[in-house]
Amino acid sequence: MEDRGSEPALVLVFSGKRKSGKDYVTDLIQNRLGSDVCCVLRLSGPLKQQYAQEHGLDLDELLGPGPYKEQYRADMILWGETRRRQDPGFFCRLVTRGVWQPVWVVSDARRLSDLQWFWSEFPRQTRCVRVQTSEETRKQRGWSFTAGVDDAESECGLDSGVEFDWIIVNESDAPSLEEQLKPILKLAEEAADQR
Ligand SMILES: Nc1ncnc2c1ncn2[C@@H]1O[C@H](COP(=O)(O)OP(=O)(O)O)[C@@H](O)[C@H]1O
Ligand SMILES: C[C@@](O)(CCOP(=O)(O)OP(=O)(O)O)CC(=O)O
């Protein structure tokens with residue numbers, strides 16, 4: 001039998017282009033709610049772990065925001081897609097195993113199949129959030145266009161066809177993240193209280 005922990009009270013599924021600030025925003029949410037209430041789940045976590053092991057790479061570097069992971073991204077995408085073709089819920093099931101906190105924040109949905117998995121497992125609890133950032137700001141954070149990555153499903157799979165519950169604009173001239181995240185944090189606190 002699968003070790004599923006307990007049912008979440010709320011599942012916030014985040015997506016956004018690379019360097020949009022998905023990790024930054026989801027870390028902020030966890031800091032606000034506390035790690036006994038909120039767990040950040042990265043679908044790329046088990047993917048990177050397995051990929052690093054098979055290829056003799058530095059997992060901490062692969063997990064970090066620096067340039068190291070970019071050298072391997074295109075190949076990791078292909079590697080992960082092979083897994084997902086066999087079983088679209090493979091990484092979703094791995095990261096949710098044993099999670100006990102009431103609020104789950106998935107930091108990196110990339111494909112419709114990721115969203116569909118959470119919608120079908122937790123239809124009442126799942127909400128989708130997009131982190132939106134201009135190319136200019138992403139460039140300032142180190143992004144540059146890479147063919148095979150920025151034009152592939154990994155980056156474009158959720159560009160259209162999804163009605164997001166919230167869109168967070170992560171730009172210096174937008175309302176503060178604190179302000180934009182207020183309704184999400186309120187919902188999360190209410191959901192956690194009701195459990
Ligand atoms: N609002 C922000 N203020 C300051 N730095 C930010 C902000 N958003 C993102 N960053 C920085 O930009 C870089 C990319 O953000 P990250 O969260 O890793 O993006 P993603 O996970 O979408 O690739 C990181 O170094 C992060 O600290
Ligand atoms: C192979 C990947 O899982 C790599 C994802 O790495 P990160 O989640 O670190 O990416 P960003 O935060 O957007 O920079 C992508 C995939 O298609 O599965």
Side-chain angles (χ1 to χ4, degrees), residues 12-32 40-55 57-95 105-118 128-159 164 167-182 184:
L12 298 165
V13 184
F14 280 75
S15 67
K17 304 283 185 180
R18 59 196 181 107
K19 303 288 180 197
S20 61
K22 300 181 295 299
D23 281 334
Y24 188 91
V25 171
T26 53
D27 282 348
L28 189 63
I29 290 176
Q30 190 186 37
N31 285 338
R32 287 291 171 278
V40 177
L41 308 174
R42 300 198 162 87
L43 299 175
S44 60
L47 189 160
K48 288 175 179 177
Q49 192 174 18
Q50 189 68 31
Y51 184 87
Q53 207 174 327
E54 278 186 23
H55 295 80
L57 300 176
D58 183 331
L59 178 59
D60 287 339
E61 283 286 340
L62 267 190
L63 290 170
Y68 183 83
K69 67 178 171 187
E70 304 304 338
Q71 296 170 47
Y72 302 100
R73 186 185 291 263
D75 193 52
M76 280 197 294
I77 290 173
L78 296 178
W79 188 93
E81 277 170 359
T82 306
R83 272 290 156 86
R84 282 170 155 123
R85 260 195 302 278
Q86 294 156 356
D87 176 3
F90 182 74
F91 298 113
C92 298
R93 271 202 314 281
L94 277 180
V95 286
V105 173
V106 180
S107 74
D108 59 345
R110 297 176 176 275
R111 297 163 176 82
L112 216 43
S113 64
D114 297 331
L115 294 186
Q116 276 159 351
W117 190 86
F118 286 98
C128 295
V129 191
R130 185 71 167 177
V131 180
Q132 197 166 287
T133 308
S134 65
E135 287 199 354
E136 198 186 321
T137 302
R138 292 168 61 217
K139 276 183 189 152
Q140 286 164 12
R141 296 179 187 152
W143 173 79
S144 64
F145 182 87
T146 306
V149 171
D150 293 294
D151 51 3
E153 190 190 11
S154 172
E155 287 295 304
C156 306
L158 300 176
D159 281 359
F164 294 104
I167 295 177
I168 303 298
V169 181
N170 186 17
E171 298 280 357
S172 53
D173 60 1
S176 69
L177 289 177
E178 292 287 343
E179 193 58 35
Q180 294 185 66
L181 291 174
K182 262 185 194 162
I184 299 180

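Both counts, for ligands and for their atoms, begin at 1 and track the order of listing.
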**Message:** Suppose we measure from atom 23 (O) of ligand 1 to each protein heavy atom; which comes out shortest, and what is that distance?
**Reply:** K19 N, 2.8 Å
**Prompt:** Under 4.5 Å between any side-chain heavy atoms of V13 and V129, yes or no?
**Reply:** no
**Asked** Under 4.0 angstrom from ligand 1, any heavy atom of E171?
**Response** no
**Prompt:** With a cut-off of 4.0 Å, which atoms of ligand 1 are near a heavy atom of K17?
**Reply:** 22 (O)
**Complete:** The answer for which part of I77 has a heavy atom under 4.0 Å from ligand 2 is both
**Fill in**
By side chain to side chain donor-acceptor pair (under 3.5 Å), R138 pairs with (sequence neighbours left out) none
**Asked** For atom 13 (O) of ligand 2, which of K22, M76, R42 has the closest heavy atom?
**Response** K22
**Request:** Kindly determine whether L47 and R84 satisfy side-chain contact (heavy atoms from CB on, under 4.5 Å), including the steps that lead there.
**Result:** CA-CA 10 Å; L47 189 160; R84 282 170 155 123; 4.0 Å; yes
**Prompt:** At what distance is the nearest protein heavy atom to atom 9 (O) of ligand 2, and which residue and atom is it?
**Reply:** K48 NZ, 2.6 Å
**Over 12 non-hydrogen atoms of neighbours within 6.0 angstrom of CD in E136** = no
**Asked** What protein heavy atom sits nearest atom 21 (O) of ligand 1, and how far off is it?
**Response** D23 N, 3.1 Å
**Asked** R93 and D87: side-chain contact (heavy atoms from CB on, under 4.5 Å), yes or no, with the steps?
**Response** CA-CA 10 Å; R93 271 202 314 281; D87 176 3; 2.5 Å; yes
**Prompt:** Any side-chain heavy atom of L158 sitting closer than 4.5 Å to one from E153?
**Reply:** no
**Top protein contact for atom 5 (C) of ligand 2, by heavy-atom distance** = R110 NH2, 3.4 Å
**Request:** Looking only at protein heavy atoms, identify the closest one to atom 3 (O) of ligand 2 and say how far it is in Å.
**Result:** S44 CB, 3.4 Å
**Asked** In the protein, which heavy atom is nearest to atom 12 (O) of ligand 1, and how far is it?
**Response** R141 CD, 3.0 Å
**R18, any N or O under 3.5 Å of ligand 1 N or O** = no
**Item:** Presence of salt bridge, D60 and K48, under 4.0 angstrom
**Value:** no
**Item:** Nitrogen or oxygen atoms of S154 and ligand 2 under 3.5 Å apart
**Value:** yes
**Prompt:** Is R84 near ligand 2, meaning one of its heavy atoms is under 4.0 Å from it?
**Reply:** yes
**Prompt:** What part of K69, side chain, backbone, both or neither, has a heavy atom within less than 4.0 angstrom of ligand 2?
**Reply:** side chain
**Request:** Give the atoms of ligand 2, by number and element, whose distance to some non-hydrogen atom of R18 is under 4.0 Å.
**Result:** 13 (O), 14 (O)
**Prompt:** At what distance is the nearest protein heavy atom to atom 27 (O) of ligand 1, and which residue and atom is it?
**Reply:** Y24 CD1, 3.6 Å
**Complete:** shortest atom 4 (C) of ligand 2-to-protein heavy-atom contact is with R73 NH1, 4.1 Å
**Request:** Return a yes/no value for K69: is any of its N or O atoms, backbone included, closer than 3.5 angstrom to an N or O of ligand 1?
**Result:** no
**Message:** One pair to check against side-chain contact (heavy atoms from CB on, under 4.5 Å): E155 and D151. What are the steps and the verdict?
**Reply:** CA-CA 7 Å; E155 287 295 304; D151 51 3; over 6 Å; no
**Request:** Under 4.0 Å from a heavy atom of G21: give me the atoms of ligand 1 that qualify, with their elements.
**Result:** 9 (C), 15 (O), 16 (P), 17 (O), 19 (O), 20 (P), 22 (O)
**Message:** Yes or no: does G16 have any heavy atom under 4.0 Å from an atom of ligand 1?
**Reply:** no
**T133/E171 under side-chain hydrogen bond (donor to acceptor under 3.5 Å, both in side chains): CA gap, chis, key distance, verdict** = CA-CA 6 Å; T133 308; E171 298 280 357; 4.9 Å; no
**Message:** What I'd like to find out is whether the side chain of F118 reaches to under 4.5 Å of the side chain of C92, using heavy atoms alone.
**Reply:** yes
**Prompt:** Taking heavy atoms and a distance under 4.0 Å, where does N170 meet ligand 1: side chain, backbone, both or neither?
**Reply:** side chain
**Request:** In plain terms, say whether E70 and R73 are close enough for a salt bridge, that is, a side-chain N and a carboxylate O under 4.0 Å apart.
**Result:** yes
**Item:** Short side-chain donor-acceptor distance under 3.5 Å, W79 and E54
**Value:** yes
**Sub-4.0 Å atoms of ligand 2 with respect to non-hydrogen atoms of D108** = 8 (O)
**Request:** With sequence neighbours left out, write down each residue that passes ring pair (Phe, Tyr, Trp, His ring centres under 6.0 Å) with Y72, or none if nothing qualifies.
**Result:** Y68
**Asked** Does any N/O atom on R111 come nearer than 3.5 Å to any N/O atom on ligand 2?
**Response** yes
**Prompt:** In terms of side-chain geometry, is the basic nitrogen of K17 or D150 positioned less than 4.0 Å from the acidic oxygen of its partner?
**Reply:** no
**Request:** Name the closest protein heavy atom to atom 25 (O) of ligand 1, giving the residue it belongs to and the distance to 0.1 Å.
**Result:** P65 CB, 4.4 Å
